Structure formats: C-alpha cells, structure tokens
Amino acid sequence: VFLTHCQFTEKQPDPPIHPVEVGVDRILSTLDPAEAVDPVSIQQIALAYEGLYRVDTTVSPFRVVPELAETLPEVSADGRSFSVSIKKGVLFADDPCFASTLGKGRELIAADFVYSVRRLSDLKNPSPVWRRVQKWIKDVRAVDRYRLVVELTEPNPKIWYWLTSHYFFIIPSEAIQ
C-alpha cells in the first residue's frame, strides 16, 4: 500500500508534553555552560545550547562554521577585533523565565552573547576558565541589536577555540536572574 496524502477531518489533540530523558552513564555535575568542566556535562550542554560557531567535524580538515552567527567574523587587520553579526529571527525556546512575553521565547540579540561571556567573570558564579580567558579578552560589547565585537588584548589564535566552546554558548539572562 502506498499513501500519498492523508487528511484528518477533525482537529487532532496536541500530543502530551513530556520531559526529555537522556541516558548518561555518569552523574551530571551541571548544565550551566559557564561552569562545566567534565565531559559528560559538556556533552549534554552541547545538546541543549548553541553558540555563535561550531566545529564541523564532517569534513577534513575540520573547520569553524556559523551556528547563531550569520557568517564568520570580520577580523581587524591587527587581529585584535572580531565583529560578529547575529542571525535575525532566532528565538529562544518557550520557557516560564520569559515573564515579559508570558513564557514565549524571545528573539536572540547580541546582548545575550555579551551577557553569556561576562557571566564567566561573575564573582558570585566564577567560571573555572575565567582566569585563562581574562588575560586576552579585553572587551565584549554589543554594537547594535544584531552585531557584537570581541576585542582581544593581542592577537590570539585560541579565540577560535573559545568562539566554538561551550563556555561561550548563549544563555538568556532571564534564565539566570
């Protein structure tokens, strides 16, 4: 039997909502991108969050590709400034933390990335990597709603690692505050 088209005459009920269950062989230490250092937590975080860029491991050699960024960053001639355009129209998942929109996910903006990176230096919630990162990140700022700039103290090729790292995954401030 080959079916080419199905149509229901009455509205079908919405399927029930169930929590996502993920099997892991160890206890997760955290699902906070700023805090995770163990492989199990990092793996699960990568399933729940996204960053500006990711590493495409399906090609050889591996390469950095945009995820929430529109394109690869514009790099200044001196290698100290990375300007990134954010994809427009990307929404966070619906969640009660978005009280101002009655639980509906709001649009991702450049300030969300700035917030996520600055969380690494929060004295109330210090990230285990901040001591390494603070030496070469001079500033992270939103230029406008969809553009941000990462300024380095000096050119550093490690920026590509950090831009694809779970530590730089984007989390809305509403989920933390």
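Positions are given from 1 along the sequence. All values derive from a computational prediction rather than experimental measurement.
- The side-chain heavy atoms of L108 and F92, taken from C-beta on, include a pair separated by under 4.5 Å.
- Taking all atoms of both residues into account, the shortest heavy-atom contact from K88 to E70 is N-OE2, 4.4 Å.
- Annotation: side chain of F113 is not in contact with side chain of L68 (no heavy-atom distance under 4.5 Å).
- Summarising the geometry of P73 relative to F82, their closest heavy-atom pair is CG-CD2, 3.7 Å, with the distance given to 0.1 Å.
- Using a 4.5 Å heavy-atom threshold, the side chains of L52 and F168 count as separate.
- Of the possible polar contacts, one joining the Y53 side chain to the T71 backbone as a donor-acceptor pair under 3.5 Å is found.
- Note on I170 and V65: separate hydrophobic clusters, where clusters join Ile, Leu, Val, Met, Phe, Trp and Tyr whose side-chain heavy atoms are under 4.5 Å apart, directly or indirectly.
- With hydrophobic clusters built from ILVMFWY side chains whose heavy atoms lie under 4.5 angstrom apart, V117 shares a cluster with W160.
- Here T57 contributes atom OG1 and F62 contributes atom CZ; the two are 5.5 Å apart, rounded to the nearest 0.5 Å.
- Under the 4.5 Å side-chain heavy-atom criterion for ILVMFWY residues, no single connected hydrophobic cluster contains both V143 and I86.
- With rounding to the nearest 0.5 Å, the separation of CZ in R119 from OG in S173 is 10.0 Å.
- Smallest separation of non-hydrogen atoms from P172 and R106: CB-NH2, 3.8 Å.
- Here the closest heavy-atom approach between residue G79 and residue L152 is recorded as O-CD1, 3.9 Å.
- Side-chain atoms of E174 never come within 3.5 Å of backbone atoms of F98 as a donor-acceptor pair (strictly under, hydrogens ignored).
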Exercise for the section: Check the pair R54 / T164 against side-chain hydrogen bond (donor to acceptor under 3.5 Å, both in side chains), numbers first and verdict last. Expected result: CA-CA 5 Å; R54 67 178 175 79; T164 61; over 6 Å; no
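- Cluster annotation: I159 and V149 are assigned to distinct hydrophobic clusters (Ile/Leu/Val/Met/Phe/Trp/Tyr, side-chain heavy-atom contacts under 4.5 Å, transitive).
- Tested against N156, the residues Y161, W136, W162 include a single side chain to side chain contact (heavy atoms under 4.5 Å, CB included) partner, W136.
- Of all non-hydrogen atoms in V64 and L72, the two that sit nearest each other are O-CD2, 3.6 Å.
- No single ILVMFWY cluster, assembled from side-chain heavy atoms under 4.5 Å apart, contains both I109 and I171.
- Proximity of a side-chain donor or acceptor of E151 to a complementary backbone N or O of S81 within less than 3.5 Å is not detected.
- The existence of a salt bridge linking R118 and D139 is confirmed by a sub-4.0 Å separation between a basic side-chain nitrogen and an acidic carboxylate oxygen.
- Judged by distance alone, with hydrogens and angles left aside, the side-chain atoms of T153 form a donor-acceptor pair with the main-chain N or O of K135 at under 3.5 Å.
- Separation of atoms CG (L148) and OG (S83) is listed at 7.0 Å; rounding is to 0.5 Å.
- How far CG of D112 is from CD of E107: 9.5 Å, rounded to the nearest 0.5 Å.
- Between R80 and K138, the closest side-chain pair of non-hydrogen atoms is not below 4.5 Å.
- When all heavy atoms of G105 and L91 are compared, the pair lying nearest together is O-CD2, 4.1 Å.
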